[in-house]
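Worksheet: one structure, shown below.
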Amino acid sequence: MFMLCRLSSLLFAALACSAITPSALAQEVPIRITADLSDAPRKLYHAEIDLPVSPGPLTLITPQWIPGTHMPMGPAEDITGVVFTAAGMPLDWRRDDVNLYEFHVTIPAGVMTLHAHLDCIVTTRVTQKMAVLEWEKLLLYPAMTPVRDIPIEASVIVPSGWGIGTALTPIGSAPYPVPAAGSATRFETTNVEQLEDSPLITGQYFREFPLAPTIAPKHCLDVVSDYPEDLDLRPAVLAEVANLVREADALYASHHYHVYHFLLTLSDIAGGEGLEHGQSSDNGVKEKGFSDDAHQLPNADLLSHEFTHSWNGKYRRPVGLYQPDFATAQQGALLWVYEGMTQYLGNVLAARSGLKTQALYRDLLAMTAADLDNTPGRIWRTTEDTAVTASMLRSDGAAWSNWRRGQDYYYEGEMVWLDADTLIRKLTGDKKSLDDFEKIFLGKGGNTGPLIVPYTFNELVADLNQVVSYDWSTFLHDRIDEINLHVDLGGIERGGYKLVYREMATAGERTMDESSEWRPAEFNCWYSIGLRVGSDGHIIDVRWNGPSDKARLAPGYKIIAVNGEIYSNDVLKRAIHNTKGQKEPIHLIVQADNFVRTAEIDYHNGERYPALERVQGTPDYLDEITRPLTTPERVPDEPKKDSD
Ligand SMILES: [Zn+2]
């Protein structure tokens, strides 16, 4: 373990300012891996792996720190049925006592190829009709070797008749994307780093939609679904995703892939997903996730966010988040760039592409700003600390999450980059914008294939100064590394709007509540009495130091009655509405564990929901930012509704 750390720090010293390319591969004979997904509907993947070896002790390893997940979530505990054989004879193996991802074997004299069989128990992103293969579930390779230096040739066997979507290049004239029953589809040799970064979706109901054919290289949207009718994506959605390709091309003016595949699963069973890769992205929404504008809104920035990561996160990666192996811990301090700037650009691109309207963009931005501003944990914890502790916070629960803070580096980052964008526009008399910075920062080196170029904070500041001279270091440090009692509203206000609270939720907030994808319907009275409540009265979270906190309510309690009426979201909503100008508190009966008690919320200000209000006579940068840069493809559906 110590040697691994030393290895990575030495490599950083050598590579911090240079591109990391799959250079001369240290090992010439590739590992050969065949992933067999025939049993996917039974939640089992199988692998047969041939590894080039030489006699003597050998340590093999499976991935632990998976890029993009920002936490050590390699599936070692799900890998089962491990058998090593050499020349047809089984070999003993022993797991490492400290690094549980490592297997030790001793290769007998004369043996040049080690065969490994393993299975992986896979319970998410797989149904009776589809499967997602993330290669780390089946990978095994020599430890202590940079993964970009290990060549590997992969094949896959999928259930009969299932189509395949992936950025991997099939060899020769393989029947693709629907292979012959039982046959293996072989892919061109790559390296372990790239194979891990190239997931594959397969399904009985599969379609591949080409996108924006005038934009090179090739982009396509690969879809699998549990039911055939869900494959028929609306023409409007396809036009908007094609717009996204054009808008990204105009914004970044570069690409770092040979081909790009948006991989999309539509399933109520497979689970949600959004994971970036250099040449593809793995996106999972519910069956009806793009079936109409309302269902689409919570997913509107999914594809644009993950696509942006091909530039910001995959090509340009904070130096601490790049490790030459998948064993060394990633360091998240710059995640407010990796994720925060992607959050900003993903939402901007979604609006520019028509995946959501400009008005809905503003409604959702108001929700983000208000949520952050009403997160009391900001009085003890910096945004940078949420990034440093990302691997802990990614699995946190809802209870008191506003006091702990969650993965705020996403949304605080979004607000900071909006601030920077509007500041550049103001400083340059609207001649330049963050778009110019992106072309420098993300387009360095021009068009490339998949490549990782690490960066430091200082490079970020230097590139911002290329656009317009300013004390960007202080600008960023003040907003990220310092305690800030309030969210950064500089971008909204310089953008010509102000954050206000109204008695009625915006159209965007109402749509988000009604179409919330993976969480049960909840009533958000966060900005009035300081509660998030499930439809059954279950308290999801209580705003620290808010009216409900002062009434001694807690996450996990269940509201049984409100002012003498049995709980429903409507009953509580009406009670809050009626508080305005009244002296009487809201009377609750609550269940706490096995006990029942009363509580009184001393609140008298009615309903409050966030919105952005235009400040007349100021530059409208916010709408300028979300205006398309290219001519949008005609959208055959009805125009999107953004208010009523
Ligand atoms: Zn992301």
For residues 372-383, pull every pair meeting salt bridge (charged side-chain N to carboxylate O under 4.0 Å, His left out), keeping only residues two or more places apart or in separate chains.
Arg378-Glu412, Arg381-Asp385
More than 12 foreign heavy atoms under 6.0 Å from NE2 of His604: is that the case here?
yes
Kindly state whether the ring of His277 and the ring of Tyr257 have centres lying under 6.0 angstrom apart.
no
Who are the ring-ring contact (aromatic ring centres under 6.0 Å, His included) partners of His477, not counting sequence neighbours?
Phe457
Would you please name every residue forming a side chain to side chain contact (heavy atoms under 4.5 Å, CB included) with Asp623, sequence neighbours left out?
Gln358, Arg362, Tyr497, Asp620, Thr626, Arg627
Under the rule for side chain to side chain contact (heavy atoms under 4.5 Å, CB included), what residues qualify as partners of Asp435, not counting sequence neighbours?
Leu251, Arg352, Arg425, Ser433, Lys439, Leu629
Could you tabulate the donor-acceptor pairs under 3.5 Å formed by side-chain atoms of residues 499-506, not counting sequence neighbours?
from	atom 1	to	atom 2	distance (Å)
Tyr501	OH	Asn374	ND2	3.2
Glu503	OE2	Lys580	NZ	2.7
Thr506	OG1	Glu509	N	3.1

Salt bridge check: are Asp371 and Arg532 linked by an N-O gap of less than 4.0 Å?
yes
List the residues meeting salt bridge (charged side-chain N to carboxylate O under 4.0 Å, His left out) with Asp408, not counting sequence neighbours, and say none if there are none.
Arg405
Ser401: what forms a side-chain hydrogen bond (donor to acceptor under 3.5 Å, both in side chains) with it, not counting sequence neighbours?
Asp541
Candidates Trp311, Tyr315, Phe441 - the one meeting ring pair (Phe, Tyr, Trp, His ring centres under 6.0 Å) with Tyr252:
Trp311
His255 and Tyr260 aromatic centres sub-6.0 Å
no
Qualifying residues under side chain to side chain contact (heavy atoms under 4.5 Å, CB included), relative to Ile539, sequence neighbours excluded:
Leu531, Val542, Leu553, Tyr557, Ile559
With sequence neighbours left out, which residue pairs that include part of residues 528-553 fulfil the ring-ring contact (aromatic ring centres under 6.0 Å, His included) condition?
Trp400-Trp544, Trp403-Trp544
Under the side-chain hydrogen bond (donor to acceptor under 3.5 Å, both in side chains) test, residues paired with Arg543 that sit two or more places apart
none
Take Tyr411 and Val487, measure what side-chain contact (heavy atoms from CB on, under 4.5 Å) needs, and give me the verdict at the end.
CA-CA 10 Å; Tyr411 301 100; Val487 69; over 6 Å; no
Quick one: side chain to side chain contact (heavy atoms under 4.5 Å, CB included) partners of Thr474, sequence neighbours excluded?
Asp471, Asp478
With sequence neighbours left out, the residues meeting side-chain hydrogen bond (donor to acceptor under 3.5 Å, both in side chains) with Arg552 are none
Evaluate side-chain contact (heavy atoms from CB on, under 4.5 Å) for His295 paired with Lys286, printing each intermediate quantity in order.
CA-CA 9 Å; His295 283 89; Lys286 285 201 161 189; over 6 Å; no
